Amino acid sequence: MKKALITGITGQDGSYLADLLLDKGYKVYGLKRRTATPNFENIKHIQNEIEFFSGDLRDMTSLAEAVQAIQPDEVYNLAAQSFVGDSWRQPIYTSEVTGLGVTNMLESIRLSKPDARFYQASSSEMFGKVIETPQTENTPFYPRSPYGVAKVYGHWITVNYRESYGMYACSGILFNHESPRRGIEFVTRKVSDSVAKIKLGLQDKLLLGNLDAKRDWGFAGDYVKAMWLMLQQEEPDDYVIATGETHTVKELIEIAFEHVGLNWQDYVVQDARFMRPAEVDILLGDPTKAKKQLNWEPQVNFEQLVKMMVENDLQKYQ
Ligand code: NAP
Ligand code: GDD
């Protein structure tokens, strides 16, 4: 039986990846932070099938002990301070977790299970103020937030461990991906949750920032399959994972409100508090390499994704 260690198992991607690996017959281990109150919401349906290790990406001892004890075949490093907006409010913390945390994980593997296959959750935020559109594996990085800068560090340290030590280390450059398990502060979930509440008379207004930003949005359930595929190849490599379509925040709102028979203009209010000190105006990925080499194909399109999320939040409040 193959053994996989997932950091960030309580998050959106960690939970979908755990579902996938359990289905494939893996023994799944999860690194979990100690919290005062439990945060098992995303994994409550599989909680008893996972073996947990208490740890934090900033505390290498906890990572090293987990790797030593588990001797994993595969390690998926999904843990991060992942909210771009907060990375200006907590720049040092974000660098330590999202950046340096990757080295802590890689060192833990190098010291006690160097043949483990490693996946790093890199991000399209690394392209930031984009140099070219669409973005490919060869597009230069120009990060626009402390989060983006930390991810560039994580990306390059992963490439360096592959080249320095011959480790099987891959970096997945994933564009935005969403789901009913998405954190509530990210724009898609904020919109789907608010639209459901407005429809049911539980909320009056939806306060948002920049409506013109464009993102290449896909479904998280599709994207975790690409993570797994990257670790099943003969050679480690880096891949862009995206849909190849981009949409504005405004289009997202239009579809979500229309789905419940409401006009977004009656409810959406722009609020400067949700604008960022620097914006990433457009992200559009070219997933050709992943399609060719991994045989990966997204199954859920943008409209289906938005409707799925609104339906889920409607059911929750009903
Ligand atoms: P998420 O829902 O925010 O989950 C982040 C996970 O990291 C949570 O389990 C969180 O634990 C854990 N974590 C945070 N700080 C930690 C620390 N110091 N030590 C250990 N664990 C810690 O993020 P996601 O959307 O699933 O994304 C997964 C990864 O992919 C992240 O690295 C993200 O930056 C990256 N990524 C995401 C996207 C996207 O669109 N979703 C795109 C590209 C890259 P708690 O539950 O305790 O907070
Ligand atoms: N969160 C949020 N809240 N975003 C808003 C709002 C709002 O009220 N109003 C407008 N936006 C705009 C943001 O300015 C941004 O341009 C866009 O909506 C998407 O914001 P988020 O959903 O917060 O995601 P993100 O693109 O900044 O980052 C996500 O995707 C990255 C991959 O490109 C995160 O998942 C990152 O962890 C990930 O790396």
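Just so it is clear, the model here is predicted, and its values are computed rather than measured. In this chain, residues are counted from 1 in sequence order. Whatever order the structure lists ligands and atoms in, that order sets their numbers, starting from 1.
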* To do: Please say whether more than 12 non-hydrogen atoms of neighbouring residues, nucleotides or ligands are located less than 6.0 Å from CG in Asp204.
  => no
Per-atom filter on ligand 1: closer than 4.0 angstrom to a heavy atom of Asn39 are 45 (P), 46 (O), 47 (O)
Counting heavy atoms under 4.0 Å, the part of Glu185 that contacts ligand 2 is backbone
Counting heavy atoms under 4.0 Å, the part of Tyr147 that contacts ligand 1 is side chain
Heavy-atom proximity to atom 14 (C) of ligand 1 ranks first, among Ser15, Pro38, Ala79, Ala80, for Ala80
Applied to residues 251-261, the side-chain hydrogen bond (donor to acceptor under 3.5 Å, both in side chains) test, sequence neighbours excluded, yields His247-Glu251, Thr248-Glu251, His259-Glu311
Taking only non-hydrogen atoms of Ser122 and a 4.0 Å limit, the atoms of ligand 1 in range are 43 (C), 44 (C)
Students should find that the hydrophobic cluster of Phe175, defined by side-chain heavy atoms under 4.5 Å apart, otherwise consists of Met126, Phe127, Val130, Phe141, Val152, Trp156, Val159, Ile173, Val240, Val280, Ile282, Leu283
Quick look: Leu283 vs ligand 2, heavy-atom contacts under 4.0 Å, and the answer is side chain
Any heavy atom of Glu279 under 4.0 Å from ligand 2? The part involved is side chain
- Query: Quick one: does Glu107's side chain get under 4.5 Å of Tyr161's, heavy atoms only?
  - Reply: yes
For ligand 2, which is the ligand I care about here, please tell me if Leu208 has any N or O atom under 3.5 Å from one of the ligand's N or O atoms. no
When you measure from the centre of the six-membered ring of Phe40, is the NZ or CZ of Lys32 closer than 6.0 Å and no more than 45° off the axis? yes
Contact region, Arg33 to ligand 1, non-hydrogen atoms below 4.0 Å, reads side chain
Under 4.0 Å from one or more heavy atoms of Asp56, ligand 1 contributes atoms 17 (C), 18 (N), 19 (N), 20 (C)
